[in-house]
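To keep things clear, I will list the structure first and then write my remarks on it.
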Amino acid sequence: MDLFDYMRDMDKEKESPLASRLRPRTLDEVAGQEHIIGKNQLLYRAIKADKLGSVIFYGPPGTGKTTLAKVIANTTSAVFEQVNATSAGKKDMEEVIKNAKDNAGMYGKKTILFVDEIHRFNKGQQDYLLPFVEDGTIILIGATTENPYFEVNSALISRSILFELKPLSNENIKTLVNRAITDKDRGMGTYNAEIDNDALEFLADVSGGDARLALNAVELAVLTTERGNDGIIHITLDAASECIQKRVVRYDKNGDSHYDVISAFIKSMRGSDPDAAIYYLAKMLYAGEDIRFIARRIIICAAEDVSNADPQALVVAVSAAQAAERIGMPESQIILAQAVSYVASAPKSNSAIKAIEKAMETVKNEKDGHVPPHLMDSHYKDAKGLGHGTGYKYAHDYPKHYVKQQYLPDTLTGRRFYIPSDNGYEKTIQEYFRYINS
């Protein structure tokens with residue numbers, strides 16, 4: 001590194017965003033994640049002893065994945081290399097492996113490779129790393145916002161310890177915000193700023209556990225707020241609200257949270273909790289989820305979980321899907337809310353799904369049941385000569401428009417597939433069967 005490179009790095013550090021400048025350098029400076037870096041926890045002990053093996057950090061943005069990697073870089077005696085999976089190619093990886101082998105051979109030093117956004121590596125790139133992780137050429141630290149069990153090579157996972165990072169608590173966020181405002185070396189301490197308690201509470205709550213989001217808002221507030229008559233920059237609730245702008249919802253349409261939210265949405269409708277179902281609907285709409293996707297899930301829930309306990313639920317769900325697609329946002333949120341609240345509030349039954357599952361299993365595993373001759377089509381040529389349709393009893397010719405006769409194949413006579421529940425309209429169905437059989 002020459003003088004100009006050194007000066008560029010110094011300027012970069014001074015001009016970098018507050019969240020980057022304030023990044024903890026030691027374990028003691030890290031806020032949150034006590035479940036993995038609290039004293040006597042495995043990761044804490046491994047970092048302190050400089051005995052870290054391959055690990056994968058998994059969690060939402062702004063929870064400290066890169067921070068922990070930097071802390072490890074500051075404490076380890078190993079050579080620390082860092083690549084970002086969004087831009088690194090095979091040539092970059094080959095260079096890292098070559099250097100790792102040289103460092104091990106010439107200096108007896110291990111190499112830690114930090115791969116940020118490791119889920120961005122394709123299968124081939126991940127496979128390339130595998131033998132070098134296996135033989136200890138590199139110690140891998142991967143960071144990902146996605147579920148590694150879906151996005152990371154299972155062989156890499158089996159050779160690593162997985163640590164899940166949680167969204168920071170409100171208290172963690174408040175600690176970081178206060179540190180940012182008072183720290184004169186790396187924070188905004190030289191600006192002589194203060195934050196009102198209600199503004200601090202607001203930032204802690206609305207940031208959703210994302211330290212980067214809160215710190216970016218603090219930096220913007222300090223830099224754009226005029227000083228008061230007392231010479232102090234006062235960060236008020238209005239200033240904090242303006243600087244953080246629209247809340248960033250933890251919902252990535254291509255990631256894990258998408259499946260978590262839709263799962264909670266469906267389970268809330270199934271569990272007859274319209275308040276929770278409407279909340280998750282709002283969360284999806286706020287994040288820009290496709291209304292057609294949402295509508296399909298409502299239709300499925302109406303058929304699968306409400307079914308004949310309230311047959312009208314499917315009618316409402318299908319109508320809502322058609323109306324929402326025709327109307328579009330923002331009005332369609334009202335249509336979807338009506339359907340969600342109806343389905344969530346309707347009596348529940350899964351008798352229909354049990355019936356079709358049982359019938360499908362029977363068709364798959366049991367001897368093929370032939371249609372009884374009296375139910376066969378009697379309209380084509382020579383059908384009657386073959387006995388097709390002979391002996392069929394027309395239900396409307398009998399009292400109650402019902403007559404008992406065999407409908408199932410001979411091999412399945414007496415088998416029950418659909419058993420109505422005691423909920424909602426299915427009670428009426430039960431009463432109907434009792435009536436016609438009386």
Side-chain angles (χ1 to χ4, degrees), residues 259-285 289-327 332-366 395-396 399-408 412-438:
Y259 298 103
D260 291 339
V261 173
I262 197 65
S263 174
F265 175 61
I266 293 167
K267 288 171 182 172
S268 297
M269 285 191 291
R270 180 184 299 142
S272 299
D273 190 332
D275 299 307
I278 289 290
Y279 169 77
Y280 291 118
L281 170 65
K283 189 166 186 175
M284 290 187 288
L285 293 173
E289 181 60 83
D290 187 343
I291 59 174
R292 294 171 298 180
F293 172 81
I294 298 172
R296 286 196 295 270
R297 306 319 299 178
I298 301 171
I299 292 171
I300 292 168
C301 187
E304 182 177 325
D305 297 305
V306 177
S307 191
N308 288 332
D310 184 353
Q312 191 67 18
L314 186 58
V315 177
V316 171
V318 172
S319 298
Q322 294 173 342
E325 190 166 357
R326 289 180 185 178
I327 301 299
S332 62
Q333 65 184 355
I334 304 168
I335 299 167
L336 294 173
Q338 179 189 349
V340 167
S341 57
Y342 189 99
V343 171
S345 303
K348 302 299 188 294
S349 170
N350 64 347
S351 298
I353 191 172
K354 284 182 177 179
I356 189 59
E357 285 176 349
K358 192 174 180 180
M360 292 293 287
E361 195 68 19
T362 300
V363 170
K364 177 183 176 182
N365 296 322
E366 297 190 24
H396 297 294
K400 303 179 184 178
H401 297 259
Y402 170 77
V403 60
K404 193 163 187 174
Q405 67 181 323
Q406 180 185 336
Y407 290 98
L408 278 168
L412 298 175
T413 301
R415 187 75 61 90
R416 294 285 305 277
F417 293 105
Y418 176 58
I419 302 174
S421 72
D422 294 327
N423 287 345
Y425 184 73
E426 285 196 323
K427 257 190 172 180
T428 304
I429 294 174
Q430 286 186 358
E431 291 169 2
Y432 168 72
F433 281 122
R434 282 194 290 269
Y435 164 72
I436 61 175
N437 286 295
S438 60

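Hydrogens, waters and symmetry mates play no part in the numbers below; they use all other heavy atoms, side chains included. Because the structure is predicted, anything quoted here is derived from the model rather than measured.
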Which pair of non-hydrogen atoms, one from [X] and one from [Y], has the smallest distance, and what is that distance?
X	Y	answer
V340	A277	CG1-CB, 3.5 Å
A320	A339	CB-CB, 3.5 Å
S307	A352	OG-CB, 3.1 Å

Please determine whether the number of non-hydrogen atoms from other residues, nucleotides or ligands lying under 6.0 Å from atom [atom1] of [X] exceeds 12.
X	atom1	value
Q333	CD	yes
R292	CZ	no
K427	NZ	no
Y279	OH	no
Y425	OH	no

What pairs meet the salt bridge (charged side-chain N to carboxylate O under 4.0 Å, His left out) rule with one or both residues in residues 344-360, with sequence neighbours excluded?
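Matches after skipping sequence neighbours: none remain.
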Summary of salt bridge (charged side-chain N to carboxylate O under 4.0 Å, His left out) pairs that have at least one residue in residues 297-314, sequence neighbours excluded:
R270-E304, R270-D305
Nearest 0.5 Å, please: how far is [atom2] in [Y] from [atom1] in [X]?
X	Y	atom1	atom2	answer
L408	R415	CG	CZ	8.5 Å
K400	I436	NZ	CD1	8.5 Å
I299	R296	CD1	CZ	8.5 Å
F417	T362	CZ	OG1	4.0 Å
I335	I298	CD1	CD1	10.5 Å
Y432	I429	OH	CD1	10.5 Å

For the residue pair Y407 / Q405, report whether a side-chain donor-acceptor contact shorter than 3.5 Å exists.
yes
Taking the side chain as every heavy atom from C-beta outward, state whether [X] and [Y] have any pair of such atoms under 4.5 Å apart.
X	Y	value
D260	S263	no
Y342	V306	no
L336	I291	yes
V315	S319	yes
I294	L285	yes
Y280	I262	no

Tell me if a side-chain donor or acceptor on D273 pairs with a main-chain N or O of A276 at a distance below 3.5 Å.
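At least one qualifying donor-acceptor pair exists.
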Between the main-chain N or O of Q338 and the side-chain N or O of S341, is there a donor-acceptor pair closer than 3.5 Å?
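Yes.
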Who pairs with [X] by side-chain contact (heavy atoms from CB on, under 4.5 Å), at least two apart in sequence or on another chain?
X	value
R326	none
H396	Y394, H401
S421	S349, S351, N423, E426
Q322	V318

